[in-house]
Amino acid sequence: MKCRQICRLISIAFFIGFIIFSKSPAVNVDSLLDQMTLEEKIDIIGGYENFNIRGYKKCGIPEIHMADGPVGVRNYGKAIAFPASICLAASWDKELAYRVGKAIAMEARAKNVHIMLGPGMNIYRMPLCGRNFEYLGEDPFLAGKIAASYIKGMQDEGVVATAKHFVANNQEYDRHNVSSDMDERTLHEIYLTAFRYAVKEGKVGAIMSSYNLINGIHASQHYYLLTEVLRNMWGFDGIVMSDWVSTYDGIECAKAGLDLEMPSGRMMNKETLIPAIEQGIIIEDLINTKVKRILSLYNRFGFFENPDLSKDYLVDSSFIRETAIDVARGGIVLLKNEKNFLPVDKNKIRKIAIIGPNGNPIVSGGGGSSFVQPLHPVSLFDAVKKIAGDNVEVAYEVGLFTRLRWEEDLFESVNYYYYLNGRKNSGVIAEYFSNIELKGEPIARRTYKKLKLINNDMWDDPDIPDENYSARYTCYFIPAESGWHILGVSGDDGYRVYLNDKEVIENWRDQADTPAQYDCFLEKGEEYKIVIEYYQRGGDARIRFGIKKSEVEHGPEEYLTKAKKIAEDADFVILSVGFNRETESEGFDRTFEMPYKQDELIKEIAEVNKNCVVVLNAGGNVDMNNWIDNVKALIMAWYPGQEGNIAVAEAIFGIINPSGKLPASFEYRLEDNPCYNSYFDEDGDKRVYYKEGIFVGYRYWDKSDKRPMFPFGFGLSYTKFDYKKIKTDKKRYKIGENVIAKVLVKNMGEWNGKEIIQLYIADKKSTLPRPVKELKGFEKVFLKKGEEKWVAFSLGKDAFAYYNPDIDEWMVEPGEFEVLVGSSSDDIRLRRKIIME
Ligand code: BGC
């Protein structure tokens with residue numbers, strides 16, 4: 001047979017194979033479009049009932065459900081609560097990230113959720129950002145690689161992932177109005193890169209635009225970002241949805257490339273778009289394109305054939321539960337360990353004192369839309385008791401006056417009452433207003449048995465609008481006993497509480513469900529008037545309130561006295577401190593100092609017991625200057641999710657060897673951070689110019705004479721690793737050619753352990769200024785004691801490129817580069833020069 005005939009036969013065989021094996025799209029999207037009216041097409045590009053996309057039975061389009069991520073399936077009841085995303089980033093473990101994506105998708109399927117709203121991947125600029133814990137740290141490469149793995153895991157399980165918030169949503173304060181301003185190179189190199197990995201490598205199905213503006217234009221109507229960058233430069237073929245209530249102009253959104261407005265079509269609706277089509281401002285095909293993208297996504301994920309994803313899936317499977325603990329095992333970071341204080345041999349101790357507001361009950365996550373009600377909450381107190389075993393006494397004291405005591409049962413309390421027509425009734429009376437400022441005459445009056453209103457309790461009431469309204473709830477309370485009481489409230493969006501006409505709680509801002517409390521002394525038999533004011537902007541609608549008697553009898557100082565008592569005769573103390581979902585949350589930025597004067601608590605306790613181990617919960621750095629020298633060890637536990645405290649206890653007792661490393665640089669003082677003078681909008685013009693440019697995090701520290709307290713990539717282990725050799729496959733490369741680097745690492749210590757090998761690239765000479773080095777590879781490897789391994793890295797063109805704004809492209813300049821390998825950004829152990837030509 002002639003060569004040409006053989007070739008022809010092979011190609012025919014390939015073609016037949018392709019026909020048989022390739023999955024033809026289930027549905028012809030164009031023919032579906034033909035069956036829809038213009039009105040129906042417009043309706044489908046605006047969300048429906050908060051977390052859904054409308055379905056049309058008549059043409060077989062299913063209704064699609066969404067739920068918040070990124071650390072578990074937040075909506076529709078309890079779920080497995082995963083550790084904060086920054087903890088996953090701190091694991092530097094791509095396989096684990098894949099497993100997390102898969103596990104969360106499995107639980108999403110069990111709840112019949114088609115689209116998960118995560119991962120979040122905005123860059124950590126400053127420790128203050130209220131959502132850093134939801135993101136993946138300061139480095140775009142680390143964030144991008146972890147996000148891409150997570151997305152692949154989730155989507156391989158048949159659930160669409162949503163990369164959010166696109167883009168430069170690096171602060172929470174005034175997040176609807178502030179513009180993140182920066183030059184084009186900074187935008188591409190620092191803030192867009194993680195999203196580029198999500199699109200190009202992760203093949204993410206959906207992207208959520210951010211609340212903020214970028215260079216003066218709202219993210220939801222940013223043509224350059226939504227069309228030129230996403231579609232034209234990166235070839236994104238999924239859907240772009242808005243963040244909840246973040247659209248300002250329906251026509252501009254439609255033109256810029258927004259496909260789906262959430263949670264409803266407030267702007268991109270029939271009233272706006274049909275006249276715009278009639279007047280020729282936009283063409284109908286623009287709407288068709290959006291609908292096509294939505295329906296093509298359904299095709300890609302098989303939602304037409306199998307709209308019910310829940311078959312064969314269970315909430316709370318052991319795989320999902322174990323995966324969540326493994327994130328904490330891999331991501332907690334041992335930051336200090338004076339004279340190898342840790343691990344503690346549990347056979348040599350008798351008593352442990354746990355002190356601090358986060359020790360009990362559990363603080364599983366930061367606040368806001370990512371907060372998952374955990375199915376199996378395990379506090380640090382419970383975890384330490386469990387791992388220490390029956391022979392060790394474990395005592396707990398909170399140590400402080402103010403603490404989070406937000407509990408579900410608080411809102412069940414109904415022993416308050418209201419007056420109506422001179423008669424006393426149990427419960428609360430409500431007045432609703434058609435604006436968010438409680439202005440004018442009420443549009444509705446209601447009475448409720450208890451103040452525990454969640455979504456449908458209000459949405460199903462025909463007289464209460466779905467969004468943009470406010471309410472005033474009034475009730476009275478007579479304490480049965482004199483004593484300290486807790487007033488607890490939680491709301492989405494803003495609320496404030498008045499006790500006898502004095503404002504005692506204020507959280508008057510757009511926010512996801514956020515709890516707050518006020519502790520006060522109330523007299524038996526006296527009548528107290530309580531007023532709760534509330535407004536609802538959009539999305540979930542929740543307002544809950546309750547009162548209960550506190551357990552303290554003698555007031556605030558009692559807490560510290562009790563704590564000192566258990567600290568005095570303990571072998572060692574675990575200080576469980578940091579933030580919680582009331583003090584670090586979506587919707588606002590946090591302080592650098594820990595709340596509730598926890599610094600003082602640590603100092604006071606360290607004076608009575610020298611053996612203190614601090615376990616810190618936060619989404620990033622906190623001010624440690626007042627206590628770091630007084631404690632023996634510090635474990636960065638981030639937010640550990642439902643059972644991550646078990647991993648913390650395992651690390652304390654040496655059942656696991658800590659292996660996480662910081663995904664962000666930790667400064668001594670906030671003033672040392674390069675963004676310190678460009679974080680808040682100081683002059684009130686609603687614009688923040690990112691003055692530091694590309695020099696964020698270690699990119700800044702590398703060129704500064706100052707050092708951070710703990711550098712990017714830093715984390716201790718109970719063992720020691722030796723970096724023995726580095727080699728590359730060649731010395732000289734053509735631009736675009738892959739570089740293979742290999743590193744020999746040996747575990748020299750007494751423990752088995754995992755090391756995160758970090759590879760940075762330094763461009764020795766370039767036309768534009770470049771960072772001293774940039775992370776371009778990382779591998780987490782397990783080495784038994786005494787074991788050594790060669791670890792390989794493959795470096796593509798990306799590893800050597802920078803974004804050139806003159807040509808709107810990434811480019812590599814010929815010349816000398818250095819491959820740097822080390823154990824942190826500040827601890828480079830091996831170097832090798834190579835040439836690009
Ligand atoms: C948050 C999003 C979230 C959405 C829905 C918004 O406030 O910014 O991250 O997915 O609410 O809950």
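Read the numbers this way: they start at 1 and go in the same order the structure lists the ligands and their atoms. Bear in mind the structure is a predicted one, so any value in this text is a computation, not a measurement.
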Near K78 NZ, under 6.0 Å, is it more than 12 heavy atoms from other residues, nucleotides or ligands? no

Atoms of ligand 1 under 4.0 Å from any heavy atom of R74, numbered from 1 in the order shown, are 12 (O)

Pair Y248, H176: side-chain N/O donor-acceptor within cut-off below 3.5 Å: yes

Can you tell me which residue and heavy atom of the protein come closest to atom 12 (O) of ligand 1, and the distance to 0.1 Å? D68 OD2, 2.5 Å

What atoms of ligand 1 come closer than 4.0 angstrom to any heavy atom of F51? 5 (C), 12 (O)

Measure from the ring center of Y124 to the ring center of Y135 and say whether it is less than 6.0 Å. no

Under 4.0 Å, heavy-atom basis, I'd like to know which part of R131 is in contact with ligand 1: side chain, backbone, both or neither. side chain

Minimal heavy-atom distance between S370 and R74, with the atoms involved, is C-CG, 4.2 Å

List every atom of ligand 1 that sits less than 4.0 Å from any heavy atom of M208, numbering the atoms from 1 in the order shown and giving each element. 10 (O)

May I ask whether E134 places a heavy atom under 4.0 Å from ligand 1? no

Can you confirm, on distance only, whether ligand 1 has an N/O atom lying under 3.5 Å from any N/O atom belonging to E586? yes

Which residue holds the protein heavy atom closest to atom 6 (C) of ligand 1, what is that atom called, and what is the gap in Å? D243 OD1, 3.0 Å

Counting from 1 in the order shown, the ligand 1 atoms closer than 4.0 Å to a non-hydrogen atom of L117 are 10 (O)

Minimum heavy-atom distance between T247 and L258, given as atom pair plus value: CG2-CD2, 3.9 Å

M262 to ligand 1, any heavy atom closer than 4.0 Å: no

Just to be sure I'm reading this right: ignoring hydrogens, which of H165, M66, M116 gets closest to atom 9 (O) of ligand 1? Compare them by their nearest heavy atoms. H165

Minimum heavy-atom distance between S180 and A168, given as atom pair plus value: OG-O, 2.8 Å

K200 NZ to M233 CE distance, which is reported to the nearest 0.5 Å: 10.0 Å

Under 6.0 Å between ring centres: does that hold for Y690 and Y191? yes

Side chains of N507 and Y495: is there a donor and an acceptor less than 3.5 Å apart? yes

Quick one: does R175 get within less than 4.0 Å of ligand 1, heavy atoms only? yes

Mark up the atoms of ligand 1 that fall under 4.0 Å of a heavy atom belonging to K164, in ascending order. 2 (C), 3 (C), 9 (O), 10 (O)

